[in-house]
> 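Below is the structure I would like to discuss, written out as C-alpha cells.
The chains referred to below are lettered A, B, ... by the order of the sequence lines, with proteins before strands, and numbering in each begins at 1.
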Amino acid sequence: MKIYNTLTGRKETFVPLAAGSVNMYVCGVTVYDVCHIGHARSAVVFDAIRRYFHYRGYNIRFAKNFTDIDDKIINKAAHDGIPWDQVAEKYINKYYEDMHRLGVQDADLEPRATGHIREIIDIVKGLVEKGHAYVIEGDVYFSVPSFPGYGKLSGRRLEEMLAGARVEVDERKKNPMDFALWKSSKEGEPAWESPWGPGRPGWHIECSAMVLKHLGETIDIHAGGADLIFPHHENEIAQSEAYTGKPFVRYWMHNGFITVNREKMSKSLGNFFTVEEILQRFDPESVRLFLLQTHYRSPIEFSNEPLEEAEHTLERFYQSLERLEDFLILPAGKLESVPPGFEDEEGILVSFKKRFMQAMDDDFNTALAIGHIFELIKEINRFLDAKPSGARAGEMMSRAKQELAEAANVLNVFNRTPAQWQRALLQIKKIELDETSIERLIEERRQARAQKDWKRADEIRAELDAKGITLEDKTGSTAWRVKI
RNA sequence: GGCGGCGUACCCAAGUGGUAAGGGAGAGGUCUGCAAAACCUCGAUGCAGCGGUUCGAAUCCGCUCGCCGCCUCCA
C-alpha cells in the first residue's frame with residue numbers, strides 16, 4: 001500500500017507502527033456554521049480511506065475531532081445572541097445530519113476540544129517548563145525558534161516566512177511566528193481556570209492533546225484539508241514533538257480543494273455551496289460519487305454538470321445491476337451455455353478484484369477504482385447480451401454481483417438496490433407521481449397494448465414522460481424510470 | 001517576493017518510462033408495434049508549447065506560456 005506523504009512529498013510504502021493496526025486522526029470542523037461541499041469532500045474522502053483500511057483487514061482506530069471553542073464560535077454566539085456552547089451543539093448536530101446523508105460513518109472517537117482542557121493545560125505547562133513556551137499577561141505562546149524542525153511539513157524556512165511579512169505583528173511576542181497555546185479570556189468570554197488565569201485553548205493545541213490522549217505519542221496517519229498544512233499542522237508538529245520528544249506523525253495526508261470558477265471555495269470569498277442546498281437538488285449518492293470520481297489530492301471544479309453526470313453514471317450502474325439481478329432470479333436454464341469468449345469470466349472477476357485493490361493500494365485512487373467497476377459492468381453486460389444459460393453462467397454472475405457489492409461497500413457508493421435508486425430519484429426530482437399511480441398507468445397501458453390500441457398506449461407513455469417518467473418495454477413487462 | 005501544484009479527446013477524468021482506463025455528450029448498430037431507455041460498437045498516431053535524455057517519454061530533465069494554491073482564518 002502506498003500513501004502520498006506531505007512530509008516527504010512522495011508516495012511511500014505504508015508501514016504501520018504496529019503491524020496490522022492503523023491509528024488515524026482527521027481534523028474535523030470548527031462548528032460555527034453549516035458545512036459546505038469542501039468540508040464534505042474531506043469527510044467523504046477519508047471515510048472511504050478508512051473503509052478501505054478496514055477492508056484490507058487493518059484494525060483501524062479512526063478519530064475525528066470537533067473544534068467546539070474558538071473565536072469564530074464566540075463571534076457567532078454574540079451575533080446570534082445565544083450561548084457559545086449552543087452554537088457548537090447546533091452545528092455538531094447539523095454536521096452529523098449532513099454527513100450521515102452522505103454516507104460518512106461516525107469515527108471511532110470524536111473528541112471535542114472542550115472535553116480536553118485538562119490535557120491541554122498539562123501540555124502547555126510541560127512546554128513552558130521545557131522552555132518551548134512563554135507566558136505573557138495570561139497568554140501562553142509557543143516559541144517557534146525553540147523548535148529546530150519548524151517548517152518541515154510545509155517546506156519553508158523560518159527566515160523566508162518572516163520575509164513574507166504578512167504575519168500580524170504582536171509586539172509582545174518574542175518572534176512574529178510564535179503562536180498562541182493558551183489565550184486569556186476577556187470579561188464575559190468562555191473561560192477555563194488555568195495556571196495562567198482564566199482562558200481558553202489556542203486552535204492548534206487541542207489536536208495535539210487529543211491525539212496524544214487517544215492515539216498515542218506517535219500515530220500512523222494524520223489527515224485534513226490541504227489548507228491545514230500551514231500553519232495548523234506545522235504548529236501541531238512543533239508543539240507535539242517539542243513536548244514528547246518523539247516523532248508525531250508518520251504519514252501526513254491532505255485532500256485537495258473544491259474550486260468555483262477555478263477559485264478555492266471558501267467562506268471568506270462567499271463562493272461556497274452548502275451540503276444542505278446541494279442535497280436539495282441532488283441525491284447524496286450522486287454527490288458522494290462526484291467527490292470520489294476525482295483523486296483526493298486533485299482539485300475539483302464545482303458545478304452542476306459533473307453532479308448531473310454522476311447521476312447518469314449511477315443510472316448506468318443500477319440499470320446494469322438490475323439486469324444482472326433479473327438474470328439471477330430467472331431459473332437457470334437446462335442448457336449449459338457459456339457464450340464463446342466468456343469461458344474465462346472467472347478470470348475476469350479475479351482480475352477485477354486485483355485491479356480494484358491495486359488502484360486503492362496506490363494512494364487510494366478511487367477514480368481508477370471506479371473506472372475498474374465500469375469495466376466489469378461492461379463485461380457483465382456483454383456476457384448477458386450473449387444469452388448465457390445454465391448453472392455455471394448463474395454462478396459466474398452471482399459471483400460478479402458479489403464482487404461489485406464488495407467494492408461498493410468500500411466506497412459506499414453503488415451500494416443500494418436499483419429500486420432504492422429509482423425511489424430516491426422520484427424524490428429528488430420531485431416527481432408528482434408515486435409508485436402506485438405509475439404502476440396503475442402501466443397496467444392500463446399493458447391492457448391497451450394487448451388490444452393493440454397503440455394510440456392509447458402512446459398517450460399514456462407521453463403523459464408519464466411529461467411528468468418525468470420514462471417507460472421501458474421489456475419482454476413481458478414494462479419498467480419505469482425517472483428521467484434524468 | 002518565497003514555496004508548492006496543475007495543464008490528457010467536445011466536457012469531466014485515470015495514467016509518473018513500455019506504446020493513451022472510465023464516465024458524460026456524439027455517431028452507427030441491436031432490441032422494439034412504434035418509440036424511448038438500455039445495451040454493444042466507434043472515438044485522442046495524441047497528452048499546453050519547444051528542446052533534450054532514452055531502444056522507447058503523457059510520464060524524466062531544461063526552457064517558455066497559461067492557470068491555481070499556501071505564506072492570514074480556512075476542509
Side-chain angles (χ1 to χ4, degrees), chain A residues 6 9 11 26-30 32 35-46 70-72 151 154-157 159-168 177 203 223-232 234 254-259 262-269 272 289-290 293-295 297-301 303 305-317 319-320 322-323 355 359 362 365-378 380-382 384-386 449 452-455 457-458 461-462 464-465 470-475 479-481 483-484:
Chain A
T6 308
K11 273 188 207 169
V26 180
C27 280
V29 290
T30 301
Y32 72 104
C35 290
H36 64 237
I37 184 77
H39 299 110
R41 181 181 193 187
S42 184
V44 164
V45 152
F46 293 117
D70 127 306
D71 289 354
K72 287 196 290 280
S154 50
R156 39 192 115 208
R157 285 181 313 210
E159 315 85 74
E160 288 167 353
M161 285 187 270
L162 293 175
R166 285 178 67 188
V167 193
E168 142 219 1
M177 294 310 294
W203 174 35
D227 44 4
L228 298 180
I229 295 170
F230 191 90
H232 184 53
E234 196 69 71
H254 294 97
N255 66 275
F257 301 125
I258 293 192
T259 58
R262 319 204 75 214
E263 265 186 328
K264 180 189 169 187
M265 182 185 290
S266 74
K267 281 273 162 67
S268 46
L269 286 168
F272 59 91
L289 179 63
F290 160 72
Q293 256 176 329
T294 302
H295 184 90
R297 283 190 287 117
S298 304
I300 302 183
E301 169 72 12
S303 69
E305 200 181 312
L307 279 164
E308 281 160 8
E309 284 178 10
E311 232 166 34
H312 279 103
T313 305
L314 282 163
E315 177 68 15
R316 172 163 150 83
F317 178 87
Q319 283 270 9
S320 299
E322 186 172 30
R323 197 175 169 209
R355 281 178 303 155
D362 185 10
N365 195 335
T366 53
L368 183 58
I370 289 166
H372 291 327
I373 288 176
F374 278 92
E375 283 170 8
L376 180 56
I377 284 291
K378 179 183 264 188
I380 290 166
N381 279 323
R382 289 184 53 209
L384 294 175
D385 272 358
R449 290 180 79 210
K452 297 209 186 312
D453 181 358
W454 308 125
K455 187 165 168 285
D458 290 353
R461 185 166 65 196
L464 283 167
D465 185 79
T470 307
L471 294 188
E472 182 187 330
D473 293 329
K474 305 189 206 178
T475 31
W480 61 268
R481 318 209 152 271
K483 263 203 299 191
I484 55 174

> Show each protein N/O and nucleotides 64-67 of chain B N/O combination with a separation under 3.5 Å, one pair to a line.
unit_1: C67(B); atom_1: O2'; unit_2: Arg262(A); atom_2: NH1; d: 2.2
unit_1: C67(B); atom_1: O2'; unit_2: Arg262(A); atom_2: NH2; d: 3.3

> Can you list the residues that meet the side chain to side chain contact (heavy atoms under 4.5 Å, CB included) rule with Gln319(A), with sequence neighbours excluded?
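With neighbours one apart ignored, the set is Glu315(A), Glu472(A), Arg481(A).
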> Counting any heavy atom closer than 4.0 Å, what does Asn255(A) reach on the DNA or RNA strands: base, sugar-phosphate only, or nothing?
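Base, at least one base heavy atom under 4.0 Å.
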> Among all residues two or more places apart in sequence or in another chain, which pass the ring pair (Phe, Tyr, Trp, His ring centres under 6.0 Å) test with Phe46(A)?
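Applying ring pair (Phe, Tyr, Trp, His ring centres under 6.0 Å) to Phe46(A) gives none.
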> Please work out if Gly256(A) contacts a base, only the sugar-phosphate, or nothing of the nucleic acid, heavy-atom cut-off 4.0 Å.
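Base contact.
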> Where the side chain of Lys267(A) meets the backbone of Phe272(A), is there a donor-acceptor pair that is under 3.5 Å apart?
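Between the backbone of Phe272(A) and the side chain of Lys267(A) there is no qualifying donor-acceptor contact (under 3.5 Å).
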> Quick check: do Ile373(A) and Phe317(A) have side-chain heavy atoms less than 4.5 Å from each other?
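Heavy-atom side-chain distance check passes, below 4.5 Å.
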> Which comes earlier along RNA chain B counting from the 5' end, the contact point of Lys72(A) or that of Leu368(A), where each point is its nearest nucleotide?
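Checking each residue's closest nucleotide, the 5'-ward one belongs to Leu368(A).
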> For RNA chain B, whose closest nucleotide is more 5', that of Asp465(A) or that of Glu301(A)?
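First, find each residue's nearest nucleotide; the 5'-ward one identifies Glu301(A).
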> Does Asp458(A) have any side-chain hydrogen bond (donor to acceptor under 3.5 Å, both in side chains) partners at least two apart in sequence or in another chain, and if so, which?
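Listed in chain order: Arg461(A).
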> Would you kindly check whether a donor in the side chain of Gln293(A) faces an acceptor in the base of G23(B), or vice versa, at under 3.5 angstrom?
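When only heavy-atom distances are counted, Gln293(A) does not reach the base of G23(B) through any donor-acceptor pair under 3.5 Å.
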> Tell me if the side-chain of Arg461(A) makes a donor-acceptor pair with the base of A36(B), cut-off 3.5 Å, by modelled atom types.
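A donor-acceptor contact between them is absent.
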> For Asp458(A), report the nucleic acid contact type (base, sugar-phosphate, nothing); a contact means any heavy atom under 4.0 Å.
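Result for Asp458(A) = base.
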> Compare the aromatic ring of Trp454(A) with the six-membered base ring of G33(B) and state whether they stack according to the 5.5 Å and 30° rule.
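Stacked: centres under 5.5 Å apart, planes under 30°.
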> How far does the P atom of A36(B) sit from the matching atom of U30(B), given to the nearest Å?
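The same atom, P, in both gives a distance of 13 Å.
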> Counting any heavy atom closer than 4.0 Å, what does Thr259(A) reach on the DNA or RNA strands: base, sugar-phosphate only, or nothing?
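No contact at all - Thr259(A) keeps every heavy atom at 4.0 Å or more from the nucleic acid.
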> Each nucleotide N or O in nucleotides 16-18 of chain B that has a protein N or O under 3.5 Å away: list the pair and distance.
none

> Whether Arg323(A) and Asp385(A) form a salt bridge (side-chain N of Lys/Arg under 4.0 Å from carboxylate O of Asp/Glu) is what I want to check.
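Arg323(A) and Asp385(A): salt-bridged.
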> Do Asp473(A) side-chain and C34(B) base share a donor-acceptor contact under 3.5 Å?
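Present.
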> Which residues satisfy the ring pair (Phe, Tyr, Trp, His ring centres under 6.0 Å) test with His295(A), sequence neighbours excluded?
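Ring pair (Phe, Tyr, Trp, His ring centres under 6.0 Å) list for His295(A), sorted by chain: empty.
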> Taking all atoms of both residues into account, what is the closest heavy-atom pair of Asn381(A) and Ser320(A), and its distance?
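For Asn381(A) and Ser320(A), the tightest heavy-atom pair comes out as ND2-OG, 3.0 Å.
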> Mind checking Lys378(A) for me? I need base, sugar-phosphate or nothing, with any heavy atom below 4.0 Å counting as a touch.
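Touches sugar-phosphate only.
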